[in-house]
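Order of listing sets the numbers, starting from 1, for every ligand and every atom in it. All residue numbers in this chain count up from 1 along the given sequence.
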Amino acid sequence: MNILVTGGAGYIGTHTCVALLKAGHQVVVVDDFSNSCPEAMQRVETICQQSIPFYQGDVGDKALLEKIFSENHFDGVIHFAGAKAVGESVAKPLYYYRNNVTASQTLLEVMATFDVSSLVFSSSATVYGDPHAVPILEDFPLAPTNPYGRSKLMVEQIMQDQAQADKRFNGIILRYFNPVGAHESGLIGEDPNGIPNNLMPFISQVAVGKRAQLTIFGNDYPTRDGTGVRDYIHVCDLAEGHVQALEKLHDQQGCHVLNLGTGNGVSVLEMVAAYADASHQPIPYVFAERRPGDVAQCYADASQAKQILGWQATRGLPEMVADSWHWQSGNPNG
Ligand code: UFG
């Protein structure tokens, strides 16, 4: 299949391009490089030994999308492009609604005009807000607590409405838990701008000597060691989940929602210990207050994805930290 990948130069986008090409599909990428760089695309080309058609620009730019769709025939779209920082979304909600919601609507309009009916959408476990129980099932109440999460939920609802109205439209909404790790080549990985918000890139920058110590937000949660528990998933498992979702869309009608996680919870202290092991570096840390908005535990029931896609995460914590360290130590500046 020939697939348009929006945001294909980003962290999950690059790994998904590699997985798509490896599975024998073709990709065309559109990315505005707002949180990625041209070098990342070149590295995907190096890994896959082929060149990738690329358009630089914003998915909200309808004229650009029309040009892309008129110059290519697509069998489906994987939509990653969007902004993803929770704190920034609270400070700049209008930017988040334009960039994540309005741009997605533009994409759906252009897909309809050009009769492209299969869409895999990058959503997030953040749509569940503070879950009343774990593991989290897809039919749990949806109550995101910030504009970023609400922007993801709005796109989910737009897709559901579109699937109701247009029976040709097929969508799969993938709710990711916490993507970490990097491609085994060490050529592509997570490269956040500025000070990382997320745990794994912060730890990896401590290990490589860029930052002095990790601050652990809260050690009084009702969890096994008092620190927050999350469902970390290797980015290559996540990428393979997208390929399987896309392949499924061709014999599936309507709009379906699937969690992509491992189903295992890992605490902050367990992650620190695993990273110290893999990197053979000390990870100094201090405890601080809980971070506002954080929940104690968040992990998936991933059985739907297994049942519907035949997909299941295969890489464990040791592989996640080893691949992250391979990437970080080989690319200390991203
Ligand atoms: N943490 C620290 N110190 C840090 C960073 C994180 O102790 O410097 C802790 C957090 O308190 C939490 C855990 O590490 O317990 C994981 O935090 P992350 O920021 O890595 O991930 P979150 O689970 O908070 O958020 C992630 C994504 C969001 C997404 C959410 C979905 O960053 O975009 O998962 O559940 F919405």
Side-chain angles (χ1 to χ4, degrees), residues 7 10-12 35 80 82-90 96 99-100 122-131 134-136 138 140 142-153 155-156 173-181 190 192-207 210-233 235 238 259-275 283-302 317 320-321 324:
Y11 174 44
I12 304 172
N35 193 22
F80 293 108
K84 61 168 190 175
V86 171
E88 183 188 46
S89 79
V90 175
Y96 271 69
N99 213 6
N100 293 3
S122 157
S123 188
S124 166
T126 198
V127 297
Y128 297 112
D130 189 355
V134 279
I136 299 172
E138 285 85 352
F140 272 25
L142 302 174
T145 55
N146 53 68
Y148 163 68
R150 283 189 282 275
S151 75
K152 289 291 180 189
L153 183 54
V155 178
E156 289 195 7
I173 291 161
L174 299 177
R175 293 184 182 146
Y176 313 154
F177 282 68
N178 292 55
V180 296
E190 191 170 11
N193 286 332
I195 301 171
N197 280 311
N198 296 118
L199 181 64
M200 173 78 93
F202 203 104
I203 293 179
S204 69
Q205 293 192 6
V206 173
K210 269 178 87 171
R211 303 196 184 273
Q213 63 184 19
L214 169 71
T215 301
I216 297 182
F217 301 129
N219 62 347
D220 58 352
Y221 282 109
T223 59
R224 53 186 170 265
D225 59 21
T227 64
V229 166
R230 296 290 183 276
D231 186 341
Y232 299 95
I233 172 171
V235 65
L238 196 64
N259 285 338
L260 289 189
T262 64
N264 300 317
V266 170
S267 76
V268 177
L269 284 173
E270 288 163 351
M271 180 61 90
V272 167
Y275 213 101
I283 312 288
Y285 60 82
V286 289
F287 290 118
E289 291 297 296
R290 294 179 180 189
R291 187 170 63 178
D294 273 1
V295 301
Q297 306 200 68
C298 176
Y299 55 91
D301 180 316
L317 186 60
M320 298 179 206
V321 291
S324 165

Check: Are the side chain of R290 and the backbone of G228 linked by a donor-acceptor contact shorter than 3.5 Å?
Finding: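 Between the backbone of G228 and the side chain of R290 there is no qualifying donor-acceptor contact (under 3.5 Å).
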
Notebook entry, point to check: Do any N or O atoms from the side chain of N99 and from the backbone of G82 form a donor-acceptor pair under 3.5 angstrom?
Noted result: no

Minimum-distance protein heavy atom relative to [atom]:
atom: atom 36 (F) of ligand 1; answer: T126 CB, 2.9 Å
atom: atom 23 (O) of ligand 1; answer: R230 NE, 2.6 Å
atom: atom 21 (O) of ligand 1; answer: N178 ND2, 3.1 Å
atom: atom 32 (O) of ligand 1; answer: N198 ND2, 2.6 Å

Notebook entry, point to check: In this structure, which one of Y285, Y221, F217, F287 forms a side-chain contact (heavy atoms from CB on, under 4.5 Å) with T227?
Noted result: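 Answer after filtering Y285, Y221, F217, F287: F287.
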
Heavy-atom pairs closer than 4.0 Å: do any link ligand 1 to the side chain of [X], the backbone, both, or neither?
X: N197; answer: backbone
X: V268; answer: side chain
X: Y232; answer: side chain
X: Y176; answer: neither

Note to self: Just to be sure I'm reading this right: ignoring hydrogens, which of L199, I216, T215 gets closest to atom 3 (N) of ligand 1? Compare them by their nearest heavy atoms.
What the structure shows: T215

Item checked: Selection from F217, Y148, Y285 by shortest heavy-atom distance to atom 33 (O) of ligand 1 ->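 Result: the heavy atom closest to atom 33 (O) of ligand 1 is in Y148.
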
Point-to-point distance, once rounded to the nearest 0.5 Å, from [atom1] of [X] to [atom2] of [Y]:
X: I233; Y: N178; atom1: CD1; atom2: CG; answer: 9.5 Å
X: K152; Y: K84; atom1: NZ; atom2: NZ; answer: 9.5 Å
X: T262; Y: F177; atom1: OG1; atom2: CZ; answer: 9.5 Å

What are the atoms of ligand 1, with element, lying closer than 4.0 Å to any heavy atom of [X]?
X: G228; value: 15 (O)
X: R291; value: 5 (C), 6 (C), 10 (C), 17 (O), 18 (P), 19 (O), 24 (O)
X: D294; value: 10 (C), 11 (O), 12 (C), 24 (O)
X: S124; value: 29 (C), 31 (C), 36 (F)

Check: In this structure, which one of Y299, Y176, Y128 forms a side chain to side chain donor-acceptor pair (under 3.5 Å) with N259?
Finding: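 The single option meeting the side chain to side chain donor-acceptor pair (under 3.5 Å) with N259 is Y128.
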
Notebook entry, point to check: Do you know which two heavy atoms are closest between N146 and T126, and how far apart they sit?
Noted result: ND2-OG1, 4.2 Å

Check: Hey, are E88 and Y96 close enough side-chain-wise for a donor-acceptor pair under 3.5 Å?
Finding: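 Side chains of Y96 and E88: pair found under 3.5 Å.
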
